[in-house]
Amino acid sequence: MYNQVRVRIAPSPSGYLHVGTARIAVCNWLFARHNQGKFILRIEDTDITRSDPRMVEVILESLKWLGLDWDEGPYYQSQRMELYKRYAQVLLEKNKAYYCYCTPETLKRKREEAAQKKINWVYDRTCLKLSEQEKAELESKNTPKAMRIFIPEGETSFYDIVYKDLKKENKELDDFVILRSDFRPTYNFAVVVDDLDMRITHVIRGNDHLANTFKQVLLYRALDEMMPAFAHLPLNLAMDRQKISKRKGAVAITDYRDAGYLPEVMVNFLAISGWSPKDEREIMSREELVQSYSLEGVSQANPIFDMQKLEWMNGEYIRAYDNERLVDEVIPFLIRENLMIPETVKDTRGWLLKYVVLFKERAKTLKEFAEKGKYLFAFDYQYDPKAVSKTFNSAEVADRLGQFVEKISVLDEFKKDKIEETLRKTADDLKIEPAPLIHAVRLATTGVAGGPPLFDILELLGKEEVEKRIKKAVEFIKAERKGYS
RNA sequence: GUCCCCAUCGUCUAGCCCGGUCUAGGACACCGCCCUUUCACGGCGGCAACACGAGUUCGAAUCUCGUUGGGGACGCCA
């Protein structure tokens with residue numbers, strides 16, 4: 001049916017790359033790759049007042065981060081004005097469009113009046129009824145004019161791959177503007193012209209465009225052109241079933257990057273949101289997604305963007321990640337949290353590798369690597385009050401810690417096996433179980449009650465640091481005890 | 001106000017098109033148990049849904065209609 005599948009993503013640069021837009025991009029990209037087709041990037045910047053070149057940069061950067069490489073573009077609608085004018089001219093000559101001299105103010109007034117009377121507003125065709133004389137007069141006065149499409153009677157229908165047969169009475173639609181008085185095209189017109197010009201075979205977009213599609217179908221018919229296939233994807237909603245907005249958490253794809261989500265997770269998650277493969281797999285590599293993606297598995301109901309599931313998936317990916325690559329991903333977060341400076345990265349890489357291995361099954365986001373193990377980088381950690389009352393609860397604890405420090409101070413090899421041996425020996429000498437001593441040492445050296453196996457942590461800290469930290473804890477406990485008596 | 005779309009566990013979903021195999025399957029979250037120095041990971045188990053009402057049929061989550069609920073669109077925005 002098609003020589004080659006050609007799809008596009010058409011963001012408008014009025015903001016960052018919204019997760020919703022990103023999901024549409026993912027679906028288009030997967031569809032293109034699955035069919036060995038082309039993925040085209042088009043920037044819809046006809047609204048000059050709301051377009052910002054810097055936003056284009058953010059959008060391109062976001063797409064690159066997600067790994068959604070495009071084959072053509074970015075094309076800019078703002079650079080294609082002549083094309084739209086040419087197509088508009090065709091419609092005018094075919095008598096499928098006409099000029100409208102109504103002022104925006106008049107239209108606004110009429111619309112408001114209709115709203116007040118609670119009746120549905122469609123353009124009343126004032127300017128279609130103009131006589132040649134009236135038109136000539138308006139022209140002589142250089143009255144600004146927009147161009148409207150003429151909507152014939154009848155009904156408009158099309159087939160949507162997701163929503164199947166759709167139709168609408170034309171009388172519900174009005175003769176909408178296609179060219180503004182400054183000759184810039186409106187959204188619906190520019191989209192049709194561009195999709196035609198770029199030989200787009202499948203228009204894959206959010207179902208918020210369903211209503212627009214009827215207008216666009218009318219445009220294809222007026223132009224006597226072949227239509228692409230349409231597939232409207234259900235819209236992601238926030239937890240409260242409303243549109244995802246700034247107030248309800250992260251909206252920009254870059255927010256997720258900064259929060260420590262992996263790009264492959266975002267692609268995976270966005271792909272299975274509103275779509276599922278036949279075999280119910282959820283964790284899928286890029287290759288697997290490309291292999292099994294199809295528009296047939298897209299659901300019709302709007303899914304809610306489940307942050308908890310996203311987190312879970314990110315954790316799954318982190319655990320399965322290659323350690324060396326994980327170090328690369330984690331470093332920027334450590335730097336951003338001021339836990340290290342770029343200059344020392346090279347020398348500490350071996351150490352970082354061990355660090356990352358210890359925390360990879362405990363971190364759900366990259367950012368958590370810089371949070372959960374903070375104490376390994378800074379000496380000024382605080383003791384968790386709850387753990388203090390549970391573990392640092394007697395003067396004896398200070399003595400035990402003191403004994404342990406003495407025993408490790410003579411170790412010449414500070415490796416985890418040796419440390420563990422020493423600790424168990426210390427507990428034995430003290431005639432206590434190892435567990436309470438382990439807990440005390442952990443709290444003393446890390447400030448918290450939980451975390452990776454203690455002896456790995458101690459080895460990573462190094463002998464000198466461990467001694468320093470335990471001595472500090474001993475002082476802390478003594479001071480604390482004094483306060484009670 | 002008008003039009004369009006949607007409806008299975010709290011959430012994402014499988015099943016629906018081609019009615020019986022569905023005492024409705026999986027995943028996230030939650031709860032319990034096991035593993036364990038802790039926290040996690042992992043393993044095992046549990047809780048939990050066909051929105052409602054009619055109709056068609058021997059039989060409906062599956063087909064039809066209605067009700068309710070939710071979403072979206074109605075700009076010289078995109």
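The chains referred to below are lettered A, B, ... by the order of the sequence lines, with proteins before strands, and numbering in each begins at 1.
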> Do other residues, nucleotides or ligands put more than 12 heavy atoms under 6.0 Å from A:Q291 CD?
Replying inline: no

> With both distances under 3.5 angstrom, what nucleotide forms a Watson-Crick or G-U wobble pair with B:rA48?
Replying inline: none

>> Output the rounded distance in Å from CH2 (A:W275) to P (B:rU13).
In response: 12 Å

> Who does B:rU57 pair with, Watson-Crick or G-U, both distances under 3.5 Å?
Replying inline: none

> Do the side chain of A:T186 and the base of B:rC76 come within less than 3.5 angstrom through a donor-acceptor pair of N or O atoms?
Replying inline: no

>> My understanding is that a pair needs two contacts under 3.5 Å, Watson-Crick or G-U wobble. By that rule, which nucleotide pairs with B:rA24?
In response: none

> Applying a 3.5 Å limit to both distances, which nucleotide forms a Watson-Crick or G-U wobble pair with B:rU62?
Replying inline: none

> Quick one: A:E311 CD to B:rA27 C1', roughly how many Å, whole number?
Replying inline: 16 Å

> Which base sits across from B:rG42 as a Watson-Crick or G-U pair, both distances under 3.5 Å?
Replying inline: B:rC34

> For the base of B:rA78, is there a side-chain donor-acceptor partner from A:N212 under 3.5 Å away?
Replying inline: yes

> Would you call the rings of A:F305 and A:F269 parallel, tilted or perpendicular, where under 30° means parallel and over 60° means perpendicular?
Replying inline: perpendicular

> Would you say the side chain of A:R319 and the base of B:rC41 hold a donor-acceptor pair, judged only by whether the two atoms sit under 3.5 Å apart?
Replying inline: no

> Quick one: the side chain of A:K278 and the base of B:rA14, do they pair up donor-acceptor inside 3.5 Å?
Replying inline: no

> What side-chain hydrogen bond (donor to acceptor under 3.5 Å, both in side chains) pairs are there with at least one residue in residues 438-450 of chain A, not counting sequence neighbours?
Replying inline: none

>> Looking at A:F377, I want to see if its CZ is surrounded by more than 12 non-hydrogen atoms of other residues, nucleotides or ligands under 6.0 Å.
In response: yes

> Can a donor-acceptor pair under 3.5 Å be found between the side-chain atoms of A:E280 and the base atoms of B:rG25?
Replying inline: yes

>> Given the ring of A:F39, does A:R8 sit roughly above its face, with NZ or CZ under 6.0 Å from the centre of the six-membered ring and within 45° of the axis?
In response: no

> Could you give the CD-to-C1' distance, from A:E361 to B:rC41, as a whole number of Å?
Replying inline: 4 Å

> To the nearest angstrom, how far is A:M55 atom CE from B:rA78 atom P?
Replying inline: 17 Å

> Base, sugar-phosphate, or nothing: which does A:G206 touch, judged by heavy atoms less than 4.0 Å apart?
Replying inline: nothing

>> Both distances below 3.5 Å, Watson-Crick or wobble geometry, any strand: find the nucleotide opposite B:rA73.
In response: B:rU2

